[in-house]
Amino acid sequence: MQSLQLRQRDYLLRISRAMTSRQDLPSLLRLILNSAAEMVGGEVGLLVLRQGDGRLVPQAIFGLSTAKAANLATQLMELPALAARADDPRSLPELSLALVSAAAGVPLRQVVQLPLRIEDEALGAIYVFRSGGLAFGANERQMLQSFADQAAIAVRNLRLYEQATAEKQRLNAIIENSANGVMILTPDRRVEVMNRALAGMTGWAAHEAQGEPCWKVLALENTQGYNLCAVDGVLGDLPGDNSLYVEGDVVRPGGSRLTLGVTFTPLFDGENRLRNIIVNVVDITRFREAEQMKSTFVSVISHELKTPVSLIKGYASTLRRPDASWKVETVRDGLGVIEEEADRLNGLIDNLLDASRIQAGGFRLDFNEVNIERLARRAVDGFRLQSDVHQFTLDFPAELPAVLADEARIRQVIDNLLSNAIKYSPAGGMIRVGAWHDSQGVTVYVADEGIGIPPEEQTRLFESFYRVDSGMRRQTKGTGLGLYLSKAIVEAHNGQIWVRSTPGKGSTFFFTLPEVPGNSTLSASLQESSKRTGDLDSRIS
């Protein structure tokens, strides 16, 4: 008896060491089953685990060849008694035992069934078979149950480990693929984890940011709120349940700026000690721009509406004074101003309606064959009367194919570009309007010799309500809708619009339109198109 207990102790010690040294569950279960069978002289052994759907699946087999083990496993799984009594320590019925013996090819006479349990949770069972001898006694069952308990602990530990690993992988996937920036800080505010979205916002690679101080990675400027990542920030009493919020700008590599909304959420352990700080970062640049655009819209529209309305009201009030008698020329001039300002007001309203149609997706075009040279000449003739300090030059090839376009809308684009050319070259100079044809279609251009546009402003020219930040902006009338509408019109024609400009030397706006299919009279390559654009730039400069 003492020798048996020593053997049991040795087996259990070996199993305990295996449990602490590895997480390979199949080999560990085989060790437990082999040890249990050897302890009681078992000739065949089987260890099964209950799956999520209730099935019992063999995990370890002892004392049989692979083929016979497969037969035995199949027979056991098909026996209703096994599935129903897997947690019952009593022996299998004689009929079931006979069927199992036939499947194993061994005359089995005795069986013990040992449940694997943890906190009333049935994990599976161990079966040990003998071909002869006495039935399994209470001491043997008690001894074997210790092996079953070790197996249950091993299964539970590994499942907890797998669950924790899965949770960690799921959390990492959520953080890494979040559309918002996420950063986890240590208590001393150094970066422990940073996701892909935040790396894109800050320009820092995630692996380079690890271990760096928060203020260095998330260098916020013009902050509003409590910035926990400030260089000189001192951690005081952090809120246990509430988060801290700050907004600020970050300068990305290359000089571009983003406006970020940052939420700091401290995490505490059971003893109320700071464990981590979770940082959630949202790019609010577009929201900030939308607020600025809204403010600009109200300011510009109120100013642009107020001016013509004031002039109309002023001239109308003056002309209808009962105590004055006006000459015919004075009345005609006053009515001319009223008509001009009414046209200006109507044009402003039309632009606002067009902008609304674009945003609502209700922008419609009436396509026809359009002679772009004739259309441009009419536009230029109209603008010649508006300026005494500008000279207009037309540059069209002898044979230019017709374009497939909405004539009224393309006239609107040309008018917008000519109007800008006049407004932003107040000292006068030459304004060139021309076109050429190549494999892309027909390219139209309007060039001036005005103040030009700084490179950093050129990318935003075609945004709604955007106007170049210069002294000229305060001196010239406009809502900042002209180029926005022009871009929408050209793109609706499957064309492109762009600008080339040098401050102090003028600007050239280009846009392309598709020619009428089958009506091409000239053929040029894309390289010729690029060369033509370069030649034009050299003439303007």
Side-chain angles (χ1 to χ4, degrees), residues 175-185 189-191 193-210 212-233 243-265 277-300 359 451-474 478-481 483-484 487 498-503 507:
I175 292 175
E176 185 62 20
N177 295 287
S178 172
N180 295 338
V182 179
M183 185 164 56
I184 301 177
L185 305 179
R189 291 177 293 174
R190 291 188 176 272
V191 178
V193 174
M194 186 172 77
N195 74 342
R196 185 186 309 148
L198 187 55
M201 294 179 193
T202 62
W204 279 79
H207 68 278
E208 294 177 350
Q210 287 184 347
E212 294 289 344
C214 174
W215 60 263
K216 187 175 180 181
V217 176
L218 193 62
L220 295 177
E221 300 177 357
N222 307 318
T223 57
Q224 299 177 8
Y226 189 91
N227 184 14
L228 205 59
C229 282
V231 179
D232 55 350
S243 300
L244 303 171
Y245 182 77
V246 64
E247 292 183 2
D249 300 330
V250 63
V251 180
R252 302 182 69 253
S256 61
R257 284 179 172 268
L258 293 178
T259 302
L260 305 178
V262 184
T263 302
F264 300 97
T265 304
I277 301 172
I278 308 300
V279 185
N280 188 272
V281 184
V282 180
D283 183 356
I284 60 172
T285 305
R286 291 189 178 275
F287 297 103
R288 183 68 61 84
E289 290 177 348
E291 291 178 0
Q292 293 175 349
M293 186 178 294
K294 179 181 178 181
S295 176
T296 301
F297 172 79
V298 173
S299 175
V300 169
Q359 293 177 350
I451 62 174
I453 305 165
E456 63 273 12
E457 303 258 11
Q458 294 179 19
T459 57
R460 301 193 60 191
L461 278 179
F462 300 99
E463 296 178 9
S464 57
F465 304 109
Y466 183 79
R467 303 184 70 198
V468 175
D469 188 11
S470 67
M472 285 294 300
R473 183 175 65 177
R474 293 180 290 275
T479 60
L481 283 175
L483 290 178
Y484 168 72
K487 182 175 186 288
W498 69 97
V499 64
R500 291 184 180 177
S501 180
T502 303
S507 303

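Heavy atoms only: backbone and side chains are in, while hydrogens, waters and symmetry mates are out. Since the model is a prediction, treat every value here as computed from it, not as a measurement.
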Of the non-hydrogen atoms in [X] and [Y], which two are nearest, and what is the gap between them?
X      : Y      : result
Ile284 : Tyr245 : CD1-OH, 4.3 Å
Ser507 : Ser501 : OG-OG, 2.7 Å
Cys229 : Phe264 : SG-CE2, 3.6 Å
Asn177 : Arg196 : OD1-NH1, 3.7 Å
Ile277 : Arg189 : CD1-CG, 4.0 Å

Looking at [X] and [Y], would you say the former's side chain and the latter's main chain have a donor-acceptor pair under 3.5 Å?
X      : Y      : answer
Asn280 : Thr263 : no
Glu221 : Val251 : no
Asn195 : Val182 : yes
Arg252 : Met201 : yes

Test item: side-chain donor near acceptor, Ser178 and Asn180, under 3.5 Å
no

Go through the steps for Leu228 and Val246 under the test side chain to side chain contact (heavy atoms under 4.5 Å, CB included), then give the verdict.
CA-CA 8 Å; Leu228 205 59; Val246 64; over 6 Å; no

Between Met183 and Val281, does the side chain to side chain contact (heavy atoms under 4.5 Å, CB included) criterion hold? Intermediate values first, please.
CA-CA 8 Å; Met183 185 164 56; Val281 184; 5.6 Å; no

Would a 4.5 Å heavy-atom cut-off, applied to side chains only, mark Ile184 and Ile175 as touching?
yes

Option from Glu208, Arg190, Met194 for which side-chain contact (heavy atoms from CB on, under 4.5 Å) with Val217 holds:
Met194

Step by step, work out the side chain to side chain contact (heavy atoms under 4.5 Å, CB included) result for Leu260 and Asp283.
CA-CA 5 Å; Leu260 305 178; Asp283 183 356; 4.3 Å; yes

